[in-house]
There are 2 protein chains.
Amino acid sequence: MKISTKIIERMCRMFSHLDILSKENKPYVSSKELAFALGATDYTIRKDLSFLGIIGYGRKGYEVLGLKRELAKKFHLGHKHRACIIGLGRLGTALLDYEKFQEEGFEIVAGFDKSTNKIERIRTNIDVYTIDRLKPIIKERNIELGIIAVPAAFAQEVADNLVESGIKGILNFSPAKLIVPKDIMYQDMDFTNALRFIAACFATQAKP
Amino acid sequence: MKISTKIIERMCRMFSHLDILSKENKPYVSSKELAFALGATDYTIRKDLSFLGIIGYGRKGYEVLGLKRELAKKFHLGHKHRACIIGLGRLGTALLDYEKFQEEGFEIVAGFDKSTNKIERIRTNIDVYTIDRLKPIIKERNIELGIIAVPAAFAQEVADNLVESGIKGILNFSPAKLIVPKDIMYQDMDFTNALRFIAACFATQAKP
DNA sequence: TTATTACTGTGAAATATTTCACAGTATAAA
DNA sequence: TTTATACTGTGAAATATTTCACAGTAATAA
Ligand SMILES: NC(=O)c1ccc[n+]([C@@H]2O[C@H](COP(=O)([O-])OP(=O)(O)OC[C@H]3O[C@@H](n4cnc5c(N)ncnc54)[C@H](O)[C@@H]3O)[C@@H](O)[C@H]2O)c1
Ligand SMILES: NC(=O)c1ccc[n+]([C@@H]2O[C@H](COP(=O)([O-])OP(=O)(O)OC[C@H]3O[C@@H](n4cnc5c(N)ncnc54)[C@H](O)[C@@H]3O)[C@@H](O)[C@H]2O)c1
């Protein structure tokens with residue numbers, strides 16, 4: 001049977017939680033504790049892990065490090081993924097220096113902007129380029145992920161160029177809805193929509 | 001029957017798309033077009049709208065402005081919601097000046113930070129305060145939404161204060177998982193997790 | 001007028017996901 | 001050693017969601 005995106009989504013959050021537990025040197029964790037941390041139920045967690053072929057130990061639960069290792073292996077988490085950011089404005093530059101990405105294995109290796117002026121002024125350890133270098137640099141440096149932080153009007157154009165460069169995944173911070181081939185993993189981070197969702201939930205009494 | 005969060009989520013995105021269509025002066029839109037824009041199927045869209053009691057017109061589809069008005073009414077979208085941002089660092093200050101929030105009815109009326117130094121240096125039209133003023137200002141100015149942009153270690157403390165102040169919804173940009181009473185609408189914007197999800201999807205060939 | 005077309009609305013079927021119930025298992029205490 | 005306990009693993013049931021199929025409808029063209 002095929003894995004559902006719901007399970008993937010939960011496992012990504014679980015991975016993040018296991019990171020915390022491992023730093024606390026907790027050796028085992030039960031499905032109940034995991035469920036609480038992820039906002040799910042213990043049976044769902046057990047079903048998920050059993051589906052993935054991950055086994056726990058009676059009375060103890062799951063081994064924190066073993067579980068983390070398994071998830072890392074199955075979902076390519078933890079190990080290095082090379083990413084770049086396109087659009088180095090307010091948001092883009094903040095993302096460029098966000099250390100958490102590097103810590104979690106998402107290595108931002110390049111930034112791009114169309115303004116030469118901006119490129120020159122930016123102070124960062126990461127290499128920044130003008131947008132016309134996008135394709136060669138992505139190929140040369142084997143970049144897998146593109147993070148779009150340009151104004152909405154230019155987002156589709158940037159996405160098209162990323163796709164042509166052979167990128168595998170796109171995280172889009174602009175409010176534009178992009179059209180990309182279906183073999184490219186694509187996700188929106190639409191802040192305004194998140195606020196809408198919160199407003200809509202309390203308008204209808206629904207709890208997420 | 002109770003409304004599902006899936007429907008709410010789709011309707012928020014639909015609202016955003018209707019905004020674009022209305023600016024293009026498109027009078028009608030079909031379930032098929034909406035489905036394409038939202039990444040759903042036409043039957044799902046029709047089921048959703050029919051569930052909400054919204055009707056279309058044979059051969060034409062749904063009236064763009066009417067539909068937008070209905071969604072605005074049912075989900076409290078479009079009209080004003082007062083929000084504040086807590087933590088005015090790299091991300092917080094970018095959010096403070098993000099005009100799209102205001103355009104969409106999310107009015108950022110205040111910013112808070114613990115550093116007096118920072119408060120003094122910030123150049124913005126929005127009122128900024130030190131964190132000790134959080135509770136009185138939220139009550140006084142009738143703020144409904146809190147946007148958390150402080151380091152993860154302080155996020156829970158800030159959330160607790162927001163809840164005590166009577167906030168209705170929280171949008172959390174820190175990677176911490178917060179515990180809030182269940183009558184408070186709460187959503188995480190965890191960028192790292194979004195990258196994890198993309199990486200995990202292409203590790204497993206699942207398409208979101 | 002009639003036929004054609006491009007839609008909607010919705011029960012019923014199919015599918016996906018979650019929940020339940022409980023047998024099985026390892027550990028610790030008595 | 002036995003018993004209590006705190007877990008897991010999983011079929012079966014329940015629930016939620018999507019898809020299908022097609023009757024109904026309004027606009028347009030002939
Ligand atoms: N600022 C925020 O807090 C915020 C919040 C949510 C979403 N966003 C979205 O993120 C995106 C960026 O926002 P921002 O506030 O950083 O904007 P910004 O105007 O500060 O920066 C945009 C940058 O993109 C560059 N750019 C424009 N066209 C380009 C192109 N074709 N190729 C490469 N670079 C190009 C510009 O030179 C500029 O540096 C926007 O789509 C915005 O809607 C921003
Ligand atoms: N910078 C990014 O691109 C980025 C990306 C994703 C997530 N985040 C998350 O957003 C949050 C903020 O990130 P940042 O880069 O803006 O950090 P930052 O260090 O630039 O800013 C944090 C701000 O919060 C203030 N602060 C600290 N404790 C506070 C408290 N108790 N009450 C009020 N204010 C307090 C600090 O004075 C500072 O101004 C972090 O949790 C971070 O993980 C940031």
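Letters A, B, ... mirror the listed sequences (proteins, then strands); counts begin at 1. Remember, it's a predicted structure, so these values are computed and weren't measured experimentally.
- Taking the side chain of A:Thr44 as heavy atoms from C-beta on, and the options C:dG9, D:dG9, C:dT18, the nearest nucleotide is C:dT18.
- Put simply, the side chain of A:Lys60 and the base of C:dT27 share no donor and acceptor less than 3.5 Å apart.
- Only A:Ser30, A:Ser31, listed by number, bring a heavy atom of residues 7-31 of chain A to less than 4.0 angstrom from any atom of DNA chain D.
- Note: CG (B:Leu38) to C1' (D:dT17) measures 16 Å, nearest angstrom.
- Ionic pairing of A:Glu103 and A:Lys100 is not present here: no N-O contact between side-chain nitrogen and carboxylate oxygen is shorter than 4.0 angstrom.
- If you check distances only, the side chain of A:Lys47 never reaches the base of C:dT17 with a donor-acceptor pair under 3.5 Å.
- Dashed line: the shortest gap from a side-chain N or O of B:Arg46 to OP1 or OP2 of C:dT8 is under 4.0 Å.
- For the residue pair A:Asp160 and A:Gln156, a side-chain donor N or O sits within less than 3.5 Å of a side-chain acceptor on the partner.
- Remark: B:Lys177 is positioned above the aromatic ring of A:Phe36, its terminal NZ or CZ atom under 6.0 angstrom from the ring centre and at most 45 degrees off the axis.
- Regarding A:Leu52, its CG atom lies at a distance of 14 Å from the C1' atom of D:dG9, rounded to whole Å.
- Rounded to a whole Å, the CG atom of A:Leu34 is 15 Å from the C1' atom of D:dG9.
- Counting to the nearest Å, the C1' atom of D:dT8 and the CD1 atom of A:Ile54 are 14 Å from each other.
- Between B:Val150 and B:Ser174 there is no side-chain heavy-atom pair separated by less than 4.5 Å.
- Taking atom CE on A:Met1 and atom P on D:dG11, their separation rounds to 13 Å, with Å as the unit.
- Listed for the A:Arg82 side chain is no donor-acceptor partner under 3.5 Å among the backbone atoms of A:Ile138.
- With rounding to whole Å, A:Ile45 atom CD1 is found 16 Å from D:dT10 atom P.
- Remark: P of C:dA6 and OH of B:Tyr62 are 18 Å apart, rounded to the nearest angstrom.
- The interatomic distance linking A:Phe51 (CZ) with D:dT8 (P) rounds to 19 Å, in whole Å.
- Of the options B:Phe101, B:Phe106, B:Phe75, a ring-ring contact (aromatic ring centres under 6.0 Å, His included) to B:His81 is made by B:Phe106 and by none of the others.
- With DNA chain D read from its 5' end, the first of the two nearest nucleotides for B:Asp48 and A:Leu49 is the one closest to A:Leu49.
- Salt bridge annotation for A:Lys114-A:Glu157: absent, with no cationic side-chain nitrogen under 4.0 angstrom from a carboxylate oxygen.
- B:Arg59 contributes a side-chain N or O that forms a donor-acceptor pair with the base of C:dT5 under 3.5 Å.
- When heavy atoms are screened at a 4.0 angstrom cut-off, A:Ile55 is found touching the sugar-phosphate backbone but no base atom.
- Sequence order on DNA chain C of the closest nucleotides to A:Tyr43 and A:Ser4 puts A:Ser4 first from the 5' end.
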